[in-house]
Amino acid sequence: MDYNFRDIECKWQKRWAENGTYTVIEDESRKKFYVLNMFPYPSGAGLHVGHPLGYIASDIYARYKRQCGYNVLNPMGYDAYGLPAEQYAIQTGQHPAVTTVGNIDRYRNQLDKIGFSFDWSREVRTCEPSYYRWTQWAFQKMFGSYYDNRLRKAQPIENLIAKFEESGTEGLDVAQSEELEFTAEQWKSFSLKEQSDLLMNYRIAFQAETMVNWCPGLGTVLANDEVVDGVSERGGFPVEQKKMRQWCLRVSAYAQRLLDGLDTIDWSESIKETQRNWIGRSEGTEMRFHVKDSDFQFTIFTTRADTIFGVTFMVLAPESELVRTLTTKEQREEVDRYVQKVRKRTERERISDRKVTGVFSGSYAINPLTEESVPIWISDYVLAGYGTGAIMAVPAHDSRDYAFAKHFGLEIRPLIEGCDVSQESFDAKEGIMINSPRPDQLRDGCLVLNGLTVKEAIAATKKYVKDHNLGRIKVNYRLRDAIFSRQRYWGEPFPVYYDNGIPHMLPEECLPLELPEVSEFKPTSTGEPPLGHARKWAFDTATGKIVDKELIDNKTVFPLELNTMPGFAGSSAYYLRYMDPHNDKSLVSAATDNYWKCVDLYLGGSEHATGHLIYSRFWNKFLHDLGVSVVEEPFSKLINQGMIQGRSNFVYRIKDTNKFVSLGLKDQYDTTPLHVDVNIVSNDILDIDAFKAWRPEYQTAEFILEDGKYICGWAVEKMSKSMYNVVNPDMIIERYGADTLRMYEMFLGPIEQSKPWDTNGIDGCHRFIRKFWNLFNNRDGSFCVSDDAPTKEELKSLHKLIKKVTEDIENFSYNTSVSAFMICVNELSQMKCNKRQVLDILVRLIAPFTPHIAEELWESLGHNSTVCDSAWPVFNSEYLKEDNITYSISFNGKTRFTMDFPVGATQQQIQEAVLSNEKTQGYIAGKPIRKIIVVTNKIVNIVL
RNA sequence: GCUCGAAUGGUGGAAUGGUAGACACGAGGGACUUAAAAUCCCUUGACCUUUAUCGGUUGUGCGGGUUCGAGUCCCGCUUCGAGCACCA
């Protein structure tokens, strides 16, 4: 029988589906292993060959683990909410649900052809009520919680309310937006609305007026990680800063735990580093400065407390509340003008144009240590959102302060021995301190930093500030709270209604709150989000039903929230839902959660480093505090598969003609390179007839050939439609089969590396699979496995392979194991090996890589079970042992001759044998041998 | 600017400090064939030498170092990629 991959793959895919081969159930008697891919957003373009790379890699691992006896969970689902479907809906009126389902079907169809071992009975879709019910539930729990810094844990908000009733904010140590102070009496005197507003300062899901990234092009706000270089990640529309009341998640409360957790997980150093940067922990000092001729004081944050004696001015962020208070009458007009001007600048302009600008506030601050007064300036190089929005400026040791001081002619006072600040500031945290004031110039006590190193000086100043109650030691994080509202239709609705402007959670039994139908997907004419179009969008507290909004009476029927949740909401806990996808009592049952625990191997792109991978770690930690997720870190091992880039081809058109010149001759003409569809190019040779048929305007094209061929140029670019370099997996499968595709994707290179797709090399893998098939099948098509005992050489070749493949899979080094298969099959076919004992093992080894052909051959070997349930072969080193070992005898790094020694020869025996060998007789090139070193790897090195 | 990672033939890429370039593509040559496809065999880093074999020199971005021995370890650069970036 010939290798007919189409029939074989079709047959087995059908059989797997019918028999539920990959359905998995919890089984306490077996060890679990949880493999997960980042679930895809089903885009309209379908899959290209880059998408399945990670799925194939994880599928190989999942199948391998299964053969090793693990109970493997390998689920798949869809991140179904997202902007493209909604944009499409706005343009065409097509409901996003319809588009999404269509795309999902297409994805499923494509995925099924590749032969994955997914358990589809556990599929989740984030846009289905039975799924997003638990997204809404988690949000409500966050609303009902605050973060206790002492316990390092989320707590029910009721505990905090009880505390306020008893003793107000006294001795409170909790995560909060701003530090508030009130007594129990004050708390009790507040109105309901005031209490509600105050609690927002502490809740983990809270509403706040914040500066948000407003994207007019998309009509919504965006999270920080959704904004890249001042434009929206999706669509590339400009983003501006705007103050809006929004739902937020207090991710910052978990900053330290998110940082600490990184040390406990097996992720790549680069992605951990990215997260560390994003969290941006910095240890420093907060210091209070009094304002001259006033009782007013304000706080600044610095990491360089040691430079307190070099402070020559202060700077406020233009958006800071302090600006209003500290601007004097005389300066008001100028300051207002400046603040207005700054506000108009977009994020983008700020980044591209870093001119030094600023304005004097008119006030002076008093240095708490020296009582010296220094001017307070306002400039946009200080950010309102970080620290306190105010800084002490030390131009000698901070390049930004330096630039500002030079521009406005302010004093620059160096504090480190030997540093030259005439051209630039000295920012390094090293050197010996000088220029401390004399003790009698200090306000109280004495702090002399002279002679200390920077590090010592920082510590000494911190201690001084603390001891003299001038401020406190403070750790700041760059990580901001996540803005959680989107003014969109296609997302999870908030299970929230409003009573007199006070948000209330829908009762848990009313979940899920389903996304309503709307007449339009655009914002309303009054600027409300799309849900403003929904008629049936009010909550009746008396009946617990969703009713028409005309019935709103603000007594029992209240308006519902019009915002929806952002994309990361649904993807933050989906790995938990896969464990128990049909549970309608809880997100995941305790028993199931306790069995699967966490994802053992997570695969996905590194582009989610500061988005999904932070949010879901945060989300999981919160659930963990609630007692839901038993393990604090959800993904114990993470592999980031590289992007598959496109390999574009070019043709060169001679200017103003319809004539195309081959690559090697193009320099002789004035040409324009044009992208040409890679699917009509083979080995960079253009299929001229296909090219003429490709576009009507090329029908009459003429060509200047070299050697009778048209050679195309090429370049590596992103795989995209507009570059005509998209390669579709369906097409590859049609031509070579899924097994070849799987092998080739793994063969391309290390899984973590980005690399261009080049269909040219695929023949090698296809040839290999045919060769493998031919070990079992004669040329004439007959099955030809013999029951003879295998030879020593055959077993050696086989066991070398078992060892290599097992190690490689464990190390995710699939490309080298594909090579190992090729070598082994080559050797075996040269030995004409068709022994059952060998082939039986070979099939089991290759099954994770090429499951279809493996099943087919496994069946023809006479097994009744599937090969995916067979045992992983055991390596036996006995077969690799040799009688004699050939040593290379070398000096000066060159092999001079070889000698054979029996296995187990001692170092001394070898040395003596080499010394007395007839070729040396103790001398080489007339010089006596000084030293003989026996190197493990069959090499003996001689030193003269 | 700070942090992390990388650099090996025409290409993708192999090498626990131990014979660099496995494996594959591409290229060249050959066998089979009316021809094509398919299959199989040989050559393939560069340079020198030779009719050919044999042989030699050189070679992993650059410059040093450690070592009997360095693509691999250490120090100093260069280039490329990624992340963060007026974060005080």
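Below, chain A is the first sequence line, B the second, and so on; all start at residue 1.
Here Gln830(A) lies in heavy-atom contact (under 4.0 Å) with sugar-phosphate atoms only. Counting non-hydrogen atoms under 4.0 angstrom, Asp808(A) reaches nothing in the nucleic acid. Using a 4.0 Å heavy-atom distance criterion, Arg480(A) is classed as a base contact. Within 4.0 Å of Pro750(A), counting heavy atoms only, lie sugar-phosphate atoms of the nucleic acid but no base atom. Contact annotation for Lys771(A): backbone-only contact, meaning every heavy-atom pair under 4.0 Å involves sugar-phosphate atoms and none involves a base. Arg304(A) comes within 4.0 angstrom of sugar-phosphate atoms only, judged by non-hydrogen atoms across all strands, and of no base. Leu748(A) comes within 4.0 angstrom of the backbone, heavy atoms only, and of no base.
With ring centers used as reference points, Phe313(A) lies under 6.0 Å from Phe404(A).
For Glu273(A), whose side chain is taken as the heavy atoms from C-beta onward, the closest listed nucleotide among G13(B), A88(B), C4(B) is C4(B). In the set C23(B), A88(B), G83(B), C23(B) carries the atom at the smallest distance from any side-chain atom of Phe747(A). In this structure, the nucleotide among A88(B), C23(B), C25(B) sitting nearest to the side chain of Ile823(A) is C23(B). When the nucleotides A14(B), A88(B), C23(B) are ranked by their closest atom to the side chain of Asn815(A), A14(B) comes out on top.
Looking at Glu424(A) and Lys406(A), no side-chain N of the basic residue comes within less than 4.0 Å of a carboxylate O on the acidic one, giving no salt bridge.
In this entry A38(B) has no Watson-Crick or G-U wobble partner, no candidate having both defining distances under 3.5 Å. In a base pair of the Watson-Crick type (N1 to N3 plus N6-O4 or O6-N4) or a G-U wobble (N1-O2 and O6-N3), with each distance short of 3.5 Å, C80(B) is matched with G5(B). Look at G17(B): it lacks any Watson-Crick or wobble partner with both distances under 3.5 angstrom. In this entry A27(B) has U43(B) as its Watson-Crick or G-U wobble partner, both defining distances falling under 3.5 Å.
Applying the 90° criterion around 0 to the glycosidic angle, G5(B) comes out anti.
A cation-pi arrangement, defined by a distance under 6.0 Å to the six-membered ring centre and an angle within 45 degrees of its axis, is present between Arg478(A) and Trp278(A).
Rounding to whole angstrom units, CG of residue Asn811(A) and C1' of A15(B) are separated by 14 Å.
For the atom pair Asn777(A) CG and Phe772(A) CZ, the distance stands at 10.5 Å (nearest 0.5 Å).
Using a 4.5 Å cut-off on side-chain heavy atoms (C-beta onward), Phe849(A) and Ile769(A) make no contact.
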